[in-house]
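These numbers come from the heavy atoms of this one structure, side chains and all, not from hydrogens, waters or symmetry mates. One-based numbering along the sequence shown.
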Amino acid sequence: MTDSTRELDLVVYGATGFVGKLLADYLAQHAPDGVRIALAGRTAAKLETVRSSLGPRAADWPVIVANSDDAASLAALAGRTRVVATTVGPYAKYGHALAAACAEAGTDYVDLTGEVLFARESIDANHERARETGARIVHSCGFDSIPSDLGVHVLHAKVREDGAGELTDTTLVVTSLRGGVSGGTIDSLRTQVDVSKKDAASRRLAASPYSLSPDRSKEPDLGKQTDMGVVDGKTIAPGVKGWKAPFFMGPYNTRVVRRSNALRGWAYGREFKYREVMSVGSSPITPVIAGAVTVGLGALIGGMALPPTRYVLDRVLPSPGDGPSEEAQRNGHFTVDLYTTTTTGAHYTSRVKAKGDPGYRATAVMLGESALSLVLGGDALPDAAGVLTPATALGDVLVSRLRDANFEISARKL
């Protein structure tokens, strides 16, 4: 369980923030005895206040003062622990130095980013060094993008087990979702819009379906792969009803899943096409509703790029550090269903389902179990290092841990 060459097993960085507190509380309740945990952030007094709220299991957790603009403090933090879990975003603003410090120190790292440009920059800056040091730098270990990445992971595993060929057209459908969008997610979107608005190369990169690929020149040419299309359910799989609208997290999640495929040598298939949509019901007016959602998503992104509407949106959308009430977090939930057609013509489906607000309570579980997978997984983890994805870094170890945490993760033939 422990590594005598490091003082700590796991550090929660950003423990005084809204999601950081949720993560710390989850670990205080669910981390096995003997896991050496510390809380880190900018202010010792605030960290001590959080620690005192976590109960007796956390009473002896050390607090570590470190700041995102102090590289030396981050290097010292990374050198003390086996794993860092960070909730400090937007990561494009605050995440680069910590990811680099962990890659340099050979320290495993997990975060919650849903930022294409940050993830691409981290791959370019840290992948080779992390491979040399043995670090697993694992971005996107919350609702971005674990349901997507593990949903395809178990879908592929079932198809392979049955000898049913490779995956081709694959669609994630958000079947049910209750919960708010976090202030951190909105702030990340603001940051990426600001960068893209100023730089044409960044806009093209963010728009590319293979923007997170290890080598885009080796990706198959599968034609246009849009994230903003309206889809008729009957084209997804037998029995799927109603028109589907674009899922607002699809433009990030799809790129993570494609990176998983490429990192595995295109094990899902060279004809693997992936998209994400969400259900808007099955009534006769669903085409109209789906179209309206598409227009609304485009308007939100466009509005953030224009000063007058940005001024209004900044005042009505959640701010970083804000979050829902305890009751709202408890009553939230999500269900995503994935469908694929294989190269043999067979149809398969997988499901990832959990209780708790997806962006807060369920995300704290996913991030916490990702970190514990790295601490406790040992030789059961995939033999990989570098800037990875949840599926390629954590795989079946995380699937098992999330199932034990009352997530439904399943796959079957239709």
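- Relative orientation of the F407 and F334 rings is perpendicular, given thresholds of 30° and 60° on the angle between their planes.
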Run the numbers on R129 and E132 for salt bridge (Lys or Arg N to Asp or Glu O under 4.0 Å), then give the verdict. CA-CA 5 Å; R129 184 55 179 156; E132 292 169 358; 2.9 Å; yes

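- Just one residue in the list S211, S145, S140 forms a side chain to side chain donor-acceptor pair (under 3.5 Å) with Y252, and that residue is S140.
- Judged by distance alone, the side chain of D396 and the main-chain N or O of L398 form no donor-acceptor pair under 3.5 Å.
- Ion pair D227/R255 flagged as a salt bridge, since at least one NZ, NE, NH1 or NH2 atom sits closer than 4.0 Å to an Asp/Glu carboxylate oxygen.
- Nearest heavy-atom pair, S73 versus V65, reported as atom, atom and distance to 0.1 Å: CB-O, 4.3 Å.
- Considering every non-hydrogen atom in both V154 and S350, the closest pair reads CG2-CB, 3.9 Å.
- Taking OH of Y210 as the start and CZ of R216 as the end, the distance is 12.0 Å to the nearest 0.5 Å.
- Between T171 and R275, the side chains place a donor N or O and an acceptor N or O closer than 3.5 Å (distance only, hydrogens not considered).
- By the 4.5 Å heavy-atom criterion applied to side chains, H139 and V387 are counted as neighbours.
- Not one N or O on the side chain of T342 forms a donor-acceptor pair closer than 3.5 Å with the backbone of G165.
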Could you go through the salt bridge (Lys or Arg N to Asp or Glu O under 4.0 Å) check for D25 and K21 one step at a time? CA-CA 6 Å; D25 182 67; K21 291 177 185 176; over 6 Å; no

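- The local environment of CD in E219 is crowded, with over 12 non-hydrogen atoms from other residues, nucleotides or ligands closer than 6.0 Å.
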Verdict with supporting geometry, C102 and D108, side-chain contact (heavy atoms from CB on, under 4.5 Å): CA-CA 7 Å; C102 289; D108 292 340; over 6 Å; no

side-chain contact (heavy atoms from CB on, under 4.5 Å) between F247 and V277, worked out: CA-CA 4 Å; F247 181 42; V277 296; 5.5 Å; no

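- There is no side-chain donor-acceptor pair under 3.5 Å between T175 and R351.
- Contact check for V11 versus R80: no side-chain heavy atoms found under the 4.5 Å cut-off.
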Worked check of side-chain contact (heavy atoms from CB on, under 4.5 Å) between T86 and Y94: CA-CA 10 Å; T86 173; Y94 306 118; over 6 Å; no

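- A donor-acceptor contact closer than 3.5 angstrom links the side chains of H153 and R264.
- Across every non-hydrogen atom of V50 and L54, the tightest pair is O-CG, 3.2 Å.
- In plain terms, the two heavy atoms of K413 and A346 that are nearest each other are CE-CB, 4.2 Å.
- The side-chain heavy atoms of E115 and E121, taken from C-beta on, include no pair separated by under 4.5 Å.
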Chi angles and distances behind the salt bridge (Lys or Arg N to Asp or Glu O under 4.0 Å) call for D70, R42: CA-CA 10 Å; D70 182 352; R42 292 181 296 176; over 6 Å; no

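- In this structure, P62 and L8 have side chains that are in contact, with non-hydrogen atoms separated by less than 4.5 Å.
- Looking only at side-chain heavy atoms (C-beta outward), M366 and P147 come within less than 4.5 Å of each other.
- Annotation: side chain of L388 is not in contact with side chain of I137 (no heavy-atom distance under 4.5 Å).
- By the neighbour-count criterion of 12 heavy atoms within 6.0 Å, atom CD of E326 is densely surrounded, having more than that number from other residues, nucleotides or ligands.
- Within the 4.5 Å cutoff, no side-chain heavy atoms of P382 are placed close to those of T392.
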Steps toward side-chain contact (heavy atoms from CB on, under 4.5 Å) verdict (V159, E166): CA-CA 7 Å; V159 169; E166 297 179 333; over 6 Å; no

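- Across T335 and K353, no two heavy atoms sit closer than the pair OG1-CG, 3.3 Å.
- Defined by atom type and a distance below 3.5 Å, a donor-acceptor pair is missing between the side-chain atoms of Q225 and Y274.
- Ring centers of H156 and F272: at least 6.0 Å apart, outside the cut-off.
- Of the candidates T170, T341, T340, Y348 forms a side-chain contact (heavy atoms from CB on, under 4.5 Å) with just one, namely T340.
- Using a 4.5 Å cut-off on side-chain heavy atoms (C-beta onward), L177 and P358 make contact.
- In this structure, a donor-acceptor pair under 3.5 Å is present between the side chains of E276 and S148.
- The shortest heavy-atom contact between A164 and T344 is O-OG1, 2.8 Å.
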